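Remember, predicted model here, so these are calculated numbers, not experimental data. For the numbers below, each heavy atom of this structure counts, side chains included, while hydrogens, waters and symmetry mates do not.
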Amino acid sequence: GARRRLPGTGRREEAMAAPKRPFKITDPKLARAAAKLMGPSQGLHEDRKIYLEVLKKIGDGMVFQFATEQLRDDQEAALESTKRSGMALSFASPRICADPKVVLCAVRRDGRALEFACPALRADRAVVLEALQTHGGALVFASQELRDDEGVVREALQRDGRALQFASRRLRNSREIVLEAVRQSGSAVVCASRRLRADRDVISEAVQRDGRALASASQELRADPSIVLQAVRQDGLSFQFAAPELCASREMVLSAVAEDGMALRNARVDLRKDREVVLSAVQRDGLALQFATQGMKGDEQIVREALRSHPRALKFVAPELKARRDLVLPALRRDGSALSLASKELRDDRRAVMTAVEQDGLALQFATKQLRADRDVVARAVSENPLAQMYAAENPARSSLVTKVQTSKPARRTWSHPLLMCR
């Protein structure tokens with residue numbers, strides 16, 4: 001069918017092309033020299049001399065954009081620029097973009113410069129292979145004939161498996177080519193033909209490298225327990241792409257959460273209130289507690305296991321348990337910032353706050369005002385992190401800092417050239 005693109009890509013040219021960036025030149029003498037490039041021409045020889053001097057000092061070939069029309073059509077200036085930045089070819093004249101020597105220099109530096117070569121050179125196998133040495137995605141700029149060349153496409157896939165999306169339809173239906181692509185990047189399977197997205201070996205290779213590649217598998221393979229487990233092992237959230245019958249299978253869900261607790265997210269509701277399933281999930285990843293039912297979030301054993309696995313799971317604990325010292329203090333010993341998730345009673349509890357600031361002095365900011373004015377608490381927090389002083393209720397450092405900022409002199413402006421966007 002229609003050619004598929006990888007998720008997150010738009011137009012291929014936009015996806016592969018590098019942005020053209022402005023330059024910041026801090027040296028006034030250098031900026032004045034660069035400004036000469038945009039002034040009246042002083043003859044090719046003199047213009048080239050000024051340009052090469054500026055290029056040498058700046059060290060970035062993208063300054064070629066400020067060169068005169070004559071210099072953009074000059075082989076020496078173009079070669080020196082592309083040696084430093086392949087994408088400088090985008091500013092060259094059509095004659096230079098058809099010069100094999102300059103184009104080869106550019107693509108060796110940055111394969112994406114192939115976009116600016118003339119059609120004849122984009123159909124030149126040697127030039128394209130050079131471009132693919134530095135950027136597999138440069139295949140998008142090759143001619144149709146070369147995108148159907150198995151050797152060229154294999155070279156691209158060695159650098160980036162996602163380049164499969166730019167291969168011809170014939171090669172995207174080749175089992176060997178697709179297997180090579182997914183071994184480099186599992187997400188490349190989205191570009192394979194429908195026949196190969198139903199191939200067990202292809203999908204198995206893909207999900208082992210990117211669990212979310214399961215989304216591109218056939219319905220039959222998304223209902224295959226072994227394939228789904230391979231995907232979940234790589235990325236727990238890939239369980240969302242499993243067939244509905246697997247999300248409703250207690251045995252399958254138990255196996256999935258044992259690999260990655262976050263797989264609980266896509267289990268059927270009746271399984272998210274199953275104590276054994278939820279306990280297994282939070283033991284693997286405490287943050288999986290967020291996907292349990294409210295009743296499970298109030299279960300003491302489940303909460304204890306969740307906090308042992310991840311202190312910040314406190315965010316998802318039932319309100320009545322957030323005030324339990326015996327549950328919250330062990331979490332604070334591991335992550336003091338979890339104090340922000342505790343109940344108001346514990347944020348006003350001296351022992352709890354002391355425990356938190358001993359682990360992270362900046363946790364002082366989450367204590368009540370009364371404890372932020374407690375000298376012992378503040379001293380303990382500051383000893384752990386001096387910046388914690390900023391959160392003390394009575395803080396002379398803050399007012400002195402504000403005064404210092406207000407009385408400081410503004411920075412002296414540097415020389416600038418508006419057209420060059422220099423500063």
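Taking CD of Q240 as the reference point, atom CZ of R212 lies at 6.0 Å (rounded to 0.5 Å). Here the OG atom belonging to S185 is positioned 5.5 Å from the CZ atom belonging to R162, to the nearest 0.5 angstrom. In this structure, CG on L287 lies 12.0 Å from CG on L264, to the nearest 0.5 angstrom. For the atom pair CD1 (I227) and CG (D224), the distance works out to 5.0 Å, reported to the nearest 0.5 Å. The distance from atom CD of Q230 to atom CD1 of I203, rounded to the nearest 0.5 Å, is 10.5 Å. Distance check, rounded to the nearest 0.5 Å: CD of E130 to CZ of R109 gives 14.5 Å.
Between R154 and E176 no salt bridge is recorded (no basic side-chain N to carboxylate O distance below 4.0 Å). A salt bridge links D349 with R325: the closest approach of a Lys/Arg side-chain nitrogen to an acidic carboxylate oxygen falls below 4.0 angstrom. Ion pairing between R183 and E180 fails under the 4.0 Å rule for side-chain N and carboxylate O. For E80 and K83, the salt-bridge test passes: some basic side-chain N is under 4.0 Å from an acidic carboxylate O.
Heavy-atom minimum distance, A213 versus G186: CB-O, 3.6 Å. Across every non-hydrogen atom of T82 and L89, the tightest pair is CG2-N, 4.0 Å. Contact detail for F64 and R72: the closest heavy-atom pair is CZ-CA, 3.5 Å. In this structure, A163 and L157 approach most closely via the heavy-atom pair C-CD2, 4.1 Å. Residues V103 and A117 approach most closely at CG1-CB, 3.8 Å, considering heavy atoms. For C191 against Q165, the heavy-atom pair with the smallest separation is SG-CB, 3.3 Å.
Residues satisfying the side chain to side chain donor-acceptor pair (under 3.5 Å) criterion with D326, sequence neighbours excluded, are R304, R324.
When side chains are defined from C-beta on, V63 does not count as touching S81, because their heavy atoms never get closer than 4.5 Å. Counting heavy atoms from C-beta outward, L332 and P311 have side chains that stay 4.5 Å or more apart. The side-chain heavy atoms of K322 and K344, taken from C-beta on, include no pair separated by under 4.5 Å. Taking 4.5 Å as the limit, every side-chain heavy atom of L362 sits out of range of all side-chain heavy atoms of S337.
Remark: the S238 side chain and the R233 side chain contain no N/O donor-acceptor pair separated by less than 3.5 Å. Of the N and O atoms on the side chains of Q359 and T355, not one donor lies less than 3.5 Å from an acceptor on the other residue. Side chains of Q301 and R275: a donor-acceptor N/O pair is present below 3.5 angstrom, by distance only. Between the side chains of Q133 and R159, at least one donor N or O lies within less than 3.5 Å of an accepting N or O. A side-chain donor from one of S343 and E345 sits under 3.5 Å from a side-chain acceptor of the other. In summary, the side chains of S309 and Q283 do not present any donor paired with an acceptor at a separation below 3.5 Å, with no hydrogens or angles considered.
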Apply salt bridge (charged side-chain N to carboxylate O under 4.0 Å, His left out) to R170 and D148, showing your working. CA-CA 7 Å; R170 179 181 71 86; D148 191 45; 3.0 Å; yes
Check step by step if side chain to side chain donor-acceptor pair (under 3.5 Å) holds for S216 and R194. CA-CA 9 Å; S216 302; R194 180 177 297 182; over 6 Å; no
If you apply the rule side chain to side chain donor-acceptor pair (under 3.5 Å), what do you find for Q144 with S168, and how did you get there? CA-CA 8 Å; Q144 291 288 343; S168 67; over 6 Å; no
Carefully, step by step, assess D60 and R84 under the rule salt bridge (charged side-chain N to carboxylate O under 4.0 Å, His left out). CA-CA 6 Å; D60 191 329; R84 291 165 173 79; over 6 Å; no
Verdict with reasoning, R200 to S226, per side chain to side chain contact (heavy atoms under 4.5 Å, CB included): CA-CA 10 Å; R200 200 173 191 283; S226 63; 2.4 Å; yes
Can you check side chain to side chain contact (heavy atoms under 4.5 Å, CB included) on V228 and V232, steps first, answer last? CA-CA 6 Å; V228 172; V232 170; 4.1 Å; yes
Any chance you could lay out the side chain to side chain donor-acceptor pair (under 3.5 Å) test for S280 and E276, step after step, and finish with the verdict? CA-CA 6 Å; S280 178; E276 184 182 353; over 6 Å; no
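Remark: the backbone N or O of L271 is not paired with any side-chain donor or acceptor of R250 at under 3.5 angstrom. R147 contributes a side-chain N or O that, together with a main-chain N or O of F166, makes up a donor-acceptor pair within less than 3.5 Å. Judged by distance alone, with hydrogens and angles left aside, the side-chain atoms of D260 form a donor-acceptor pair with the main-chain N or O of G236 at under 3.5 Å.
Counted within 6.0 Å of CD on E251, heavy atoms from surrounding residues, nucleotides or ligands total 12 or fewer; the atom is thus considered open.
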